[in-house]
Structure formats: structure tokens, C-alpha cells
Amino acid sequence: MARSILNILVVVLAVAGGFYQLYLKPLLTTFGYARVIESIGNTNCKNVPELQACEKIMIHQPTGLLYLACSTPISRTFWTPAVGRLNATGASRDDFVATYDPKSSSITRLKVVGYDSPRGLSLHGMDVVPSSNPNQLFVYLVNHRAPLDGIAEKVGADSSIEVFTTTVGGNTLTHVKTVEDPVIITPNDVVGSADGKSFFFTNDHGEKTGLSRELDMLGRASTSIGYCHLDHGCKFAIRGMHGNNGIVQAPNGTLYVGNALHGGLTILEPQADNSLVLADFIKTDRGMDNLSIDSNGQIWAAAFPNALLLVFKHFSDPSIPAPSSALRFSINTGKDAFYGEKYKVEKVFEDDGSVASGITSVAYDAERKRLFMHGLTAPSLVICEL
Ligand SMILES: *[C@@H]1O[C@H](CO)[C@@H](O)[C@H](O)[C@H]1NC(C)=O
Ligand SMILES: *[C@@H]1O[C@H](CO)[C@@H](O)[C@H](O)[C@H]1NC(C)=O
Ligand SMILES: CC(=O)N[C@H]1CO[C@H](CO)[C@@H](O)[C@@H]1O
């Protein structure tokens, strides 16, 4: 009897050990367990503390002007549906889009016109797209509204995607339309079209609330990308993906999506019916999200050197510094391209959190060689000359 219990115990331990070595250890490593943080690109930087908790940065390349979707770090600790923070009482209802001009260091908080929902704006992902008139821009915003009925902890956020328009360097944001649809479940980030009529967006979970969401950490593929047209409604463009977070589109239409949980960049090609087909996948050693593309076509990603600290400590108390990094993806033109290394992944920035804390969004101005970084609960905008 004792003998067989011992045997079972040995088998259980062996399986658990195998599970740890094969599965849990690489997973914990990806999440940042025992990672040594380097110092890269963090010596020539400055902070702009007037801009806080800005989740997304877009660069208007012709002028070098930055567009940021901002909030307050404290309200994020109560209301961030993406990470299950659903205390609607503590949500900020007056999040805002700001512009920042690096030449003059001037900040403009854009005044909202034509949008007067009492549920206000609780911002997250954003896209800013020049229209056919280069002086007019379309601004697409993920808005995590509090639910009209029910308790937010139970039913989740009633998220919408808002389309606004503005002029380059202007100080107003004029509302065009609120898009709400059952396909918009847990929107995270958005890429919009130049005519102000359609967009792709990521759902960062398959459900708004519930325990099953947590299984995504272990590889459950419940996330998706949706497509909406303002005149024809929304549909899923692709489902069954893992860890979807930031999304960005190249000028030729190719889409790139970051995996926030296990890392990696997925490349997708849109079809004539606006569904998406997987084209490629580039592995990374860490989870990442909020992507951007620079004017040279290189993809930039905010990546988490230590996701565990970011999610479990910094998101609860933004004054605890969280290490940050930025990765750059480009087509490999070197010799090893021949042997299958199609893409080059470079770590261009890494910091222990003293210069750049809690970074979840990066954007690079390739003409002016400047890296801009911000984050969901970050205390300031960080600008580094590279
Ligand atoms: C929810 O937010 C409100 C307002 O900030 C705060 O007073 C309250 O303690 C929070 N509730 C919980 C359960 O954290
Ligand atoms: C689109 O452009 C990217 C580079 O920016 C390239 O890697 C990709 O292959 C292009 N896609 C198509 C369908 O041509
Ligand atoms: C717009 C966007 O991609 N937001 C993500 C940026 O990073 C934070 C931190 O993981 C995510 O929670 C956001 O969903």
C-alpha cells in the first residue's frame, strides 16, 4: 500500500517536474521571472510629467506632432477592463486626446465637440489616420463605457469604438459616430481607414468577465480581430488567436498583432471580404503589446521585461517602478535571411524603470530619430534620442 502511494507520488512528481521544466519554466521566463534587466538606449532621455497614463501614442509624420490617448494613473487602477479592473465608480469619464509638439514642448488637450454621452470617455487604444485631405485626420478611439444595466464586475464594460475627426495641429475633436456591436467584446486597439468609414480592432479576451479569461495565460486561444464598417456593421475577421493586444497596419494593408501573454508578432493579410488570413509569426522572448510602424516600415513594440511585476504590482500602485523595453522588427537583409531568419528582432531600449516606468506603448520618429514611450499607468511621457 505505502509502496504504491510512493510510486504514485514519484510519478506525480516526475510529471509535475516535467510540466515545470517543459511548460511552466519557459512560461515564467517569458513573463519575466529571473530576467536580468539591461540598460539600453536610456541615457539621452527626458520626461514630460504633464502627460500621464497615456495608453497610446501616434506620430503625425509630416509635422512630427504626437497624438496621445490619456487618463489618470489612479483611475486606471480602478477601471481597466483589459486586466479585469471593473470598479466603474472609480473610472475616469473625462479621458482625453492630447497633442504634444516636441519642437516647442507644448501640450494641447483637444476639446471634444458633438459627443455628450453622460458615460463620457474612458480611453484605451487609438488610431490617427490622415484622410484624402491631408489637413484632416480621423481619430479612432476605444471607449470603455460603464454598463447601462447591471454591476460592472458582473457584466463587464459596455465598450464602444468612437470615430472623431480633427485638423492637423487643431484643438478640437469632432464626434462622427459611436460604433457598438456584439462583436466589439473587449476591444483593445484599433486601426482605421483613411475615409473614416471602417476599422479593424483586437478583442483582448473572448469574454468580458469570468474565470475562463484567466485560462488565456496558459495558452487558451480566445482572442480575435473584428472588422466594422460604419454603414454595414461588424463581423469577426479572424477568431481563435492567442493573447491579441496592439494592432498596426502597414501602408500596403498587411496587419501586425502583438501577443501580450506569450510574446510574438503575428502577420495577417486582409482578404477582399475583410476577413484575415495568417501569413507569418515572429517569436519574441517576452510579452508585448501596443505596436506602431515607423516611416521606414519597421514595427516597434512596447515589450514587458517583467510582466509579473507590471501586472501584479505597478498596475495596482503606479508609483512602484516597472522595467520597460522596446523591440524593433524589420525584414532581415543579412546573410542568415537565406537560412530562414526572415525577420530581425532587436532590443533597442531597456530600462529598469528609473528612466521609463510601466511602458506599454512606443512610437519611433524615424526622420527625427526620437523614441516616444508611454503607458497605461505610466507617470510621464518619456522621449529618448537614439
Ligand atoms: C471603487 O472606487 C471608488 C471610487 O474611487 C472607491 O471609493 C471604492 O473604494 C472602490 N471600491 C473598491 C471595491 O475598490
Ligand atoms: C507589405 O509591406 C511589408 C513591409 O512593410 C512587407 O513585409 C509585406 O510583405 C507587404 N505585403 C504585401 C502583401 O505585399
Ligand atoms: C491599446 C493597447 O494596445 N493597449 C494595451 C497596452 O498595454 C497594456 C498593458 O498590458 C494593455 O493592458 C493594453 O490593453
Side-chain angles (χ1 to χ4, degrees), residues 32 37-61 63-77 80 92 94-110 123-126 128 169 246 288-292 294 300-307 309-311 313-328 347-386:
I37 310 288
E38 299 179 276
S39 273
I40 301 174
N42 60 352
T43 47
N44 200 0
C45 303
K46 75 167 194 178
N47 290 71
V48 183
E50 292 84 1
L51 288 167
Q52 297 198 319
C54 305
E55 175 51 12
K56 185 82 197 227
I57 308 172
M58 297 292 305
I59 299 172
H60 180 253
Q61 200 57 50
T63 56
L65 206 60
L66 251 58
Y67 285 80
L68 304 107
C70 305
S71 184
T72 60
I74 185 71
S75 72
R76 299 277 204 202
T77 67
T80 303
S92 155
D94 54 357
D95 284 1
F96 59 94
V97 175
T99 57
Y100 175 77
D101 185 351
K103 285 199 291 283
S104 59
S105 301
S106 61
I107 297 166
T108 307
R109 182 175 168 149
L110 304 190
L123 298 184
H124 195 176
M126 170 178 73
V128 178
M288 49 184 226
D289 58 77
N290 313 311
L291 306 174
S292 62
D294 69 20
W300 290 75
F304 312 135
N306 192 334
L309 196 155
L310 182 75
V311 173
K313 293 206 173 131
H314 177 79
F315 283 174
S316 320
D317 178 358
S319 68
I320 298 173
S324 302
S325 68
L327 302 180
R328 177 171 61 199
K347 187 166 68 177
V348 182
F349 179 91
E350 191 162 72
D351 177 66
D352 62 4
S354 45
V355 174
S357 171
I359 296 306
T360 63
S361 188
V362 300
Y364 183 62
D365 185 337
E367 279 169 48
R368 300 165 186 92
K369 300 204 171 9
R370 264 187 212 133
L371 181 63
F372 299 96
M373 296 177 278
H374 219 312
L376 194 66
T377 52
S380 72
L381 169 69
V382 183
I383 307 172
C384 298
E385 311 282 338
L386 291 187

When every non-hydrogen atom of Ala378 is compared with those of Gly358, the smallest separation belongs to CB-O, 4.0 Å
Scanning both residues in full, the closest heavy-atom pair of Gly375 with Glu55 reads C-OE1, 4.0 Å
Measuring only between side-chain heavy atoms, which start at C-beta, is Lys56 closer than 4.5 Å to Val128?
no
Heavy atoms of Arg76 and Leu376 approach each other most closely as NE-O, 2.9 Å
Rounded distance (nearest 0.5 Å) linking atom CG of Asn44 with atom SG of Cys384:
7.5 Å
When rounded to the nearest 0.5 angstrom, what is the spacing between CG in Leu123 and SG in Cys54?
10.0 Å
With the side chain counted from C-beta on, respond yes when Leu110 and Thr99 share a heavy-atom pair under 4.5 Å apart, and no when they do not.
yes
Rounded to the nearest 0.5 Å, how far apart are SG of Cys70 and NE2 of His374?
5.5 Å
For the pair Ser324 (side chain) and Ala356 (backbone), establish whether a donor and an acceptor sit closer than 3.5 Å, ignoring hydrogens and angles.
yes
Going by heavy atoms in the side chains, are Val48 and Tyr100 under 4.5 Å from each other?
yes
Quick one: does Phe372's side chain get under 4.5 Å of Leu68's, heavy atoms only?
no
For residues Arg370 and Ile383, determine if any side-chain heavy atom of one lies less than 4.5 Å from a side-chain heavy atom of the other.
yes
Do the side chains of Leu381 and Ile57 get nearer than 4.5 Å, heavy atoms only?
yes
Glu50 side, atom CD; Ser106 side, atom OG - distance, nearest 0.5 Å:
11.0 Å
Between CE of Met373 and OG of Ser325, what distance do you get to the nearest 0.5 Å?
10.0 Å
Heavy atoms of Tyr364 and Leu386 approach each other most closely as CE1-CD1, 3.9 Å
Scanning both residues in full, the closest heavy-atom pair of Asn306 with Leu309 reads OD1-N, 3.0 Å
The reported gap from CG in Asp101 to NE2 in His60 (rounded to nearest 0.5 angstrom) is 12.0 Å
What do you reckon, is NZ of Lys313 surrounded by more than 12 foreign heavy atoms closer than 6.0 Å?
no
Minimum-distance pair of heavy atoms, taken over all atoms of Tyr67 and Met126:
O-CE, 3.3 Å
Asn42 vs Glu350, test: side chain to side chain donor-acceptor pair (under 3.5 Å). Steps then yes/no.
CA-CA 7 Å; Asn42 60 352; Glu350 191 162 72; over 6 Å; no
4.5 Å side-chain heavy-atom contact, Phe349 and Val362:
no
Can any side-chain N or O of Ser357 pair as donor or acceptor with the backbone N or O of Ala322 at less than 3.5 Å?
yes
